[in-house]
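The model shown is predicted, which means the values in this text are computed figures rather than measured ones.
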Amino acid sequence: MLAKEKDCELEVSEFYLRLATESVRLFSNKQRSMCVLGEVVDCRAEAVATLPQYYTAENLRQHLDVIPTEGDITLKFTILESSASTIEGATAMLEEAMGTSVAFADAVSLILYDFIVEENKTDILAKLGLTPEAAKKYAKSLIRTKTNVIPIR
């Protein structure tokens with residue numbers, strides 16, 4: 001039986017698009033195969049629940065400030081229904097941890113942020129086209145806090 005899929009269509013900012021394309025590039029290189037955004041999100045969906053363990057609420061909010069979600073670029077991708085449910089289910093927990101509202105598109109952005117941090121690719125700042133001031137501010141949030149939890153991926 002084939003897994004059910006969900007088509008996603010988000011209206012995102014240019015920086016969000018750049019974050020997504022850079023994540024696909026890094027993920028493809030890691031997999032040694034050409035991948036699509038849906039594969040990155042499917043692979044990383046389970047990590048959404050652990051984000052507050054690795055990042056302060058301020059760093060998560062700062063990511064969403066520097067890489068705004070809403071914009072005028074349509075981003076379409078398909079993910080597994082189970083990934084969509086996992087992400088949608090985690091938005092309330094993220095809202096509580098961050099003290100602000102978190103939409104599905106925000107949660108996906110945070111998953112991609114976590115992937116970039118995990119890959120330790122701080123050179124992404126230039127590729128995202130951030131201004132020097134924004135890059136300096138954003139670089140401070142590209143840090144995972146120490147935890148005694150060992151992620152299984």
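At least one side-chain heavy atom of Thr74 sits under 4.5 Å from a side-chain heavy atom of Lys76. Side-chain contact between Leu112 and Leu37 is present, with heavy atoms from C-beta onward closer than 4.5 Å. Counting heavy atoms from C-beta on, the side chains of Val117 and Tyr55 come closer than 4.5 Å. Side-chain contact check for His63 versus Leu19: some heavy-atom pair is nearer than 4.5 Å.
By the criterion of side-chain heavy atoms lying less than 4.5 angstrom apart, applied directly or through intervening Ile, Leu, Val, Met, Phe, Trp or Tyr residues, Leu80 is not grouped with Val48; the two fall into different hydrophobic clusters. Cluster membership check: Phe77 does not share its hydrophobic cluster with Val36, using side-chain heavy-atom separations under 4.5 Å among Ile, Leu, Val, Met, Phe, Trp and Tyr. Leu75 and Ile111 fall within the same hydrophobic cluster, defined by Ile, Leu, Val, Met, Phe, Trp and Tyr side-chain heavy atoms under 4.5 Å apart, directly or through other members.
Heavy-atom neighbours of Glu46 CD from other residues, nucleotides or ligands within 6.0 Å: at or below the threshold of 12.
Thr21 pairs by the side-chain contact (heavy atoms from CB on, under 4.5 Å) definition with Leu17, not counting sequence neighbours. Glu70 pairs by the side chain to side chain donor-acceptor pair (under 3.5 Å) definition with nothing, not counting sequence neighbours. Taking Met34 as the reference, Ser28 meet the side-chain contact (heavy atoms from CB on, under 4.5 Å) condition, with sequence neighbours excluded.
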Side chain to side chain contact (heavy atoms under 4.5 Å, CB included) between Gln31 and Glu39: does it pass, once the steps are laid out?
CA-CA 11 Å; Gln31 298 298 314; Glu39 291 172 292; over 6 Å; no
From CA spacing to verdict: side chain to side chain donor-acceptor pair (under 3.5 Å), Tyr113, Asn59:
CA-CA 11 Å; Tyr113 160 77; Asn59 284 349; 4.9 Å; no
Tyr16/Ile73 under side chain to side chain contact (heavy atoms under 4.5 Å, CB included): CA gap, chis, key distance, verdict:
CA-CA 9 Å; Tyr16 192 115; Ile73 298 171; over 6 Å; no
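The distance from atom NZ of Lys4 to atom CD1 of Ile79, rounded to the nearest 0.5 Å, is 15.0 Å. Atom OG1 of Thr56 and atom CD of Gln62 lie 8.0 Å apart (nearest 0.5 Å). In this structure, Glu5 CD and Ser83 OG are separated by 10.0 Å, a value rounded to the nearest 0.5 Å. Atom CD1 of Ile116 is separated from atom OG of Ser23 by 4.0 Å, given to the nearest 0.5 angstrom.
Listed here is the closest heavy atom pair of Ala49 and Pro52: O-CD, 3.8 Å. A pairwise comparison of heavy atoms in Phe15 and Pro68 identifies CD1-CD, 4.2 Å as the closest pair.
Under the side chain to side chain contact (heavy atoms under 4.5 Å, CB included) rule, Leu110 has a single partner from Leu60, Ile87, Thr91, which is Leu60.
Classification of Glu58 and Arg61 as a salt-bridged pair fails, no side-chain N sitting under 4.0 Å from a carboxylate O.
The salt bridge (Lys or Arg N to Asp or Glu O under 4.0 Å) contacts involving residues 78-87 comprise nothing, where partners must be two or more places apart or lie in separate chains. Residue pairs meeting the salt bridge (Lys or Arg N to Asp or Glu O under 4.0 Å) criterion with at least one member in residues 28-37, sequence neighbours excluded, are Lys30-Glu119.
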Could you list the donor-acceptor pairs under 3.5 angstrom formed between side-chain atoms of residues 96-107 and any protein atom two or more places apart in sequence or on another chain?
| unit_1 | atom_1 | unit_2 | atom_2 | d |
| --- | --- | --- | --- | --- |
| Asp106 | OD1 | Thr69 | OG1 | 2.5 |
| Asp106 | OD2 | Ala103 | N | 2.9 |

